[in-house]
Amino acid sequence: MKAIILAAGRGSRMKNLTEERPKCLVELHGKPLLERQLAALRGAGIEQIAIVTGYKRELLSNRGIVEFHNPRWAETNMVASLACAQEWLRGGPCVVSYSDIFYEASAPRLLMETDAELAITYDPNWRALWESRFEDPLSDAETFKMNDRRVLLEIGQKPTRIEDIQGQYMGLLRFTPAGWSKVETLRATLDDRLRDKLDMTGMLQRLIAGHGAQILALPYSERWGEVDSAEDLAVYEKSN
């Protein structure tokens with residue numbers, strides 16, 4: 001099993017915290033998010049790890065991991081960055097991690113243990129975390145609906161009620177070559193602008209709605225978090 005960390009973007013919502021470094025080098029309790037991800041992935045038994053770079057790529061060199069580079073990182077979104085690592089995605093199953101999250105080794109291990117073509121982890125107890133980060137948890141949360149077999153039915157839309165949210169996507173997922181092939185087919189149907197701007201949840205929703213993809217959602221209830229802002233960092237510094 002291989003893993004790919006998506007670290008091409010700057011993370012503009014982090015403001016001055018990313019003026020001189022990529023978002024994945026922001027520190028939580030004195031340890032960069034990237035080091036936390038690498039420790040979790042290696043703790044799950046994944047030794048072949050790559051990173052997709054863009055902003056400040058020179059600060060991510062010499063770390064003993066493979067680099068894929070997105071030279072158009074400032075103009076494109078996350079799926080375009082992931083496509084820069086298509087060599088790995090076509091060759092075997094890959095766990096894919098956002099670079100602004102932290103989690104335990106048990107999270108990628110869940111993904112490694114499934115044989116689904118496409119799978120994601122989600123937090124079924126999301127509300128407590130979102131209430132610690134936002135005055136109104138619905139202001140940032142996205143819809144997340146599954147059937148009774150935990151096959152994803154809807155993701156990434158704007159919710160109007162808590163009942164539309166059965167969990168929250170964590171930014172950690174897994175593709176097999178067959179699953180990635182569905183993504184490539186989808187991207188081929190889009191014009192250049194949409195292809196460049198496609199984000200991950202938008203891609204997942206399009207795969208569900210128009211390409212017949214079955215995406216397995218795996219519940220994860222241990223420690224994790226996403227760092228979208230300096231305020232998020234303060235919340236985690238205080239509570240962990």
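Along the sequence shown, residues carry numbers from 1. Quick note: numbers below take in every heavy atom, side chains included, and nothing from hydrogens, waters or symmetry partners.
If you take CD on Q37 and SG on C24, they are separated by 6.5 Å, rounding to the nearest 0.5 Å. To the nearest 0.5 Å, the span separating NZ on K197 from CG on L190 amounts to 14.0 Å. The distance from atom CG of L82 to atom OG1 of T76, rounded to the nearest 0.5 Å, is 11.5 Å. Atom CD of residue Q214 and atom CZ of residue R149 lie 5.5 Å apart, to the nearest 0.5 angstrom. The structure places OG1 of T53 at 11.0 Å from CH2 of W73, a figure rounded to the nearest 0.5 Å. Going from atom CD of E35 over to atom NZ of K31 covers 6.0 Å, rounded to the nearest 0.5 Å.
With respect to the salt-bridge test (charged N to carboxylate O, under 4.0 angstrom), the residues D192 and R195 qualify. One finds a salt bridge joining E75 and R72 here, because a Lys/Arg side-chain nitrogen approaches an Asp/Glu carboxylate oxygen to under 4.0 Å. Salt-bridge check for E231 with R133: failed, with every basic side-chain N at 4.0 Å or more from each acidic carboxylate O. A salt bridge does not link D140 with K158: none of the charged nitrogens is closer than 4.0 Å to a carboxylate oxygen. Electrostatic pairing of E184 and R90 counts as a salt bridge here, judged by a charged N lying under 4.0 Å from a carboxylate O.
Looking at D191, its side chain does come within 3.5 Å of a backbone N or O of R193 through a donor-acceptor pair. Judged purely by atom type and a 3.5 angstrom limit, T114 has no side-chain atom pairing as donor or acceptor with the backbone of L111. The closest donor-acceptor contact from the side chain of E117 to the backbone of F175 lies at 3.5 Å or more, if one exists at all. Between the side chain of R109 and the main chain of G43, a donor-acceptor pair closer than 3.5 Å is present. With hydrogens and angles disregarded, no donor-acceptor distance shorter than 3.5 Å links the side chain of S181 to the backbone of P177. Checking side-chain atoms of Y220 against main-chain N and O of E104 turns up a donor-acceptor pair under 3.5 Å.
Looking at every heavy atom in both residues, A85 comes nearest to F68 through CB-CD1, 3.6 Å. Taking every heavy atom of both residues into account, K23 and L33 meet most closely at O-CD1, 3.9 Å. Of all heavy-atom pairs spanning A230 and L17, the tightest one is CB-CD1, 3.8 Å. Summarising the geometry of W88 relative to I49, their closest heavy-atom pair is CH2-C, 3.7 Å, with the distance given to 0.1 Å. The two residues L59 and P22 make their nearest non-hydrogen contact at CD1-CD, 3.8 Å. Contact record, P32 with G30: CD-O, 4.1 Å, taken as the closest heavy-atom pair.
Of the N and O atoms on the side chains of N70 and S81, at least one donor lies less than 3.5 Å from an acceptor on the other residue. Side-chain polar atoms of T18 and Y55 form no donor-acceptor pair below 3.5 angstrom. Side chains of T143 and E154: a donor on one and an acceptor on the other come within 3.5 Å. S106 and E222 share a side-chain donor-acceptor pair at under 3.5 Å.
No side-chain heavy atom of M203 sits less than 4.5 Å from a side-chain heavy atom of R187. The closest side-chain heavy-atom distance from V66 to Q48 is not below 4.5 Å. No side-chain heavy atom of R10 sits less than 4.5 Å from a side-chain heavy atom of K56. Counting only heavy atoms from C-beta outward, the side chains of L41 and I5 approach each other to under 4.5 Å. Between L138 and I165, some side-chain heavy-atom pair lies under the 4.5 Å cut-off. Inter-residue side-chain proximity for L38 and I65 is flagged as met; some heavy-atom pair is nearer than 4.5 Å. Residues R174 and M1 have side chains in contact (heavy-atom distance under 4.5 Å, counting atoms from C-beta outward).
Ring-plane geometry between W130 and W224 is classed as tilted, the angle between the planes lying from 30 to 60 degrees on a 0 to 90 degree scale.
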How far apart are the C-alpha atoms of I51 and L34, what are their side-chain angles, what is the distance that settles it, and do they pass the side-chain contact (heavy atoms from CB on, under 4.5 Å) test?
CA-CA 10 Å; I51 188 166; L34 178 59; 4.1 Å; yes

Working note: L198 + D196, criterion side-chain contact (heavy atoms from CB on, under 4.5 Å); need CA distance, chi angles, decisive distance, verdict.
CA-CA 6 Å; L198 187 63; D196 282 349; over 6 Å; no

Using the side-chain contact (heavy atoms from CB on, under 4.5 Å) rule, take S99 and L6 through it: C-alpha gap first, then chi angles, then the decisive distance, then the call.
CA-CA 6 Å; S99 69; L6 299 174; 5.7 Å; no

Derivation of the side-chain contact (heavy atoms from CB on, under 4.5 Å) call for I120 and I155:
CA-CA 11 Å; I120 65 174; I155 189 172; 4.2 Å; yes

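Following chains of ILVMFWY side-chain contacts shorter than 4.5 Å, one can reach L129 starting from Y103, so the two form part of one hydrophobic cluster. Connection of L186 to L194 is established within a shared hydrophobic cluster, with ILVMFWY side chains joined at heavy-atom distances below 4.5 Å, either directly or through further cluster members. Hydrophobic clustering of Ile, Leu, Val, Met, Phe, Trp and Tyr side chains at less than 4.5 Å, counting indirect connections, keeps L207 apart from L153.
The ring-ring contact (aromatic ring centres under 6.0 Å, His included) test applied to F144 returns Y122, not counting sequence neighbours. Applying the salt bridge (Lys or Arg N to Asp or Glu O under 4.0 Å) rule to E67 yields the partners R57; only residues at least two apart in sequence or on another chain are considered. Shown here are the salt bridge (Lys or Arg N to Asp or Glu O under 4.0 Å) partners of D164, two or more places apart in sequence or in another chain: K145, R161. Under the salt bridge (Lys or Arg N to Asp or Glu O under 4.0 Å) criterion, D123 pairs with no residue at all, not counting sequence neighbours. By the salt bridge (Lys or Arg N to Asp or Glu O under 4.0 Å) test, R127 is found to be paired with E131, residues two or more places apart in sequence or in another chain being considered.
Summarising the local packing, CD of E87 is surrounded by 12 or fewer heavy atoms from other residues, nucleotides or ligands at distances under 6.0 Å. Atom CG of N147 sits in a crowded spot, with more than 12 heavy atoms from other residues, nucleotides or ligands closer than 6.0 Å.
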Only distances under 3.5 Å count here; give the side-chain donor-acceptor pairs of residues 166-173 to other protein atoms, sequence neighbours excluded, each with its distance to 0.1 Å.
| from | atom 1 | to | atom 2 | distance (Å) |
| --- | --- | --- | --- | --- |
| Q166 | OE1 | M146 | N | 2.6 |
| Q168 | OE1 | E142 | N | 3.2 |
| Q168 | NE2 | E142 | O | 2.6 |
| Y169 | OH | Y98 | OH | 3.1 |

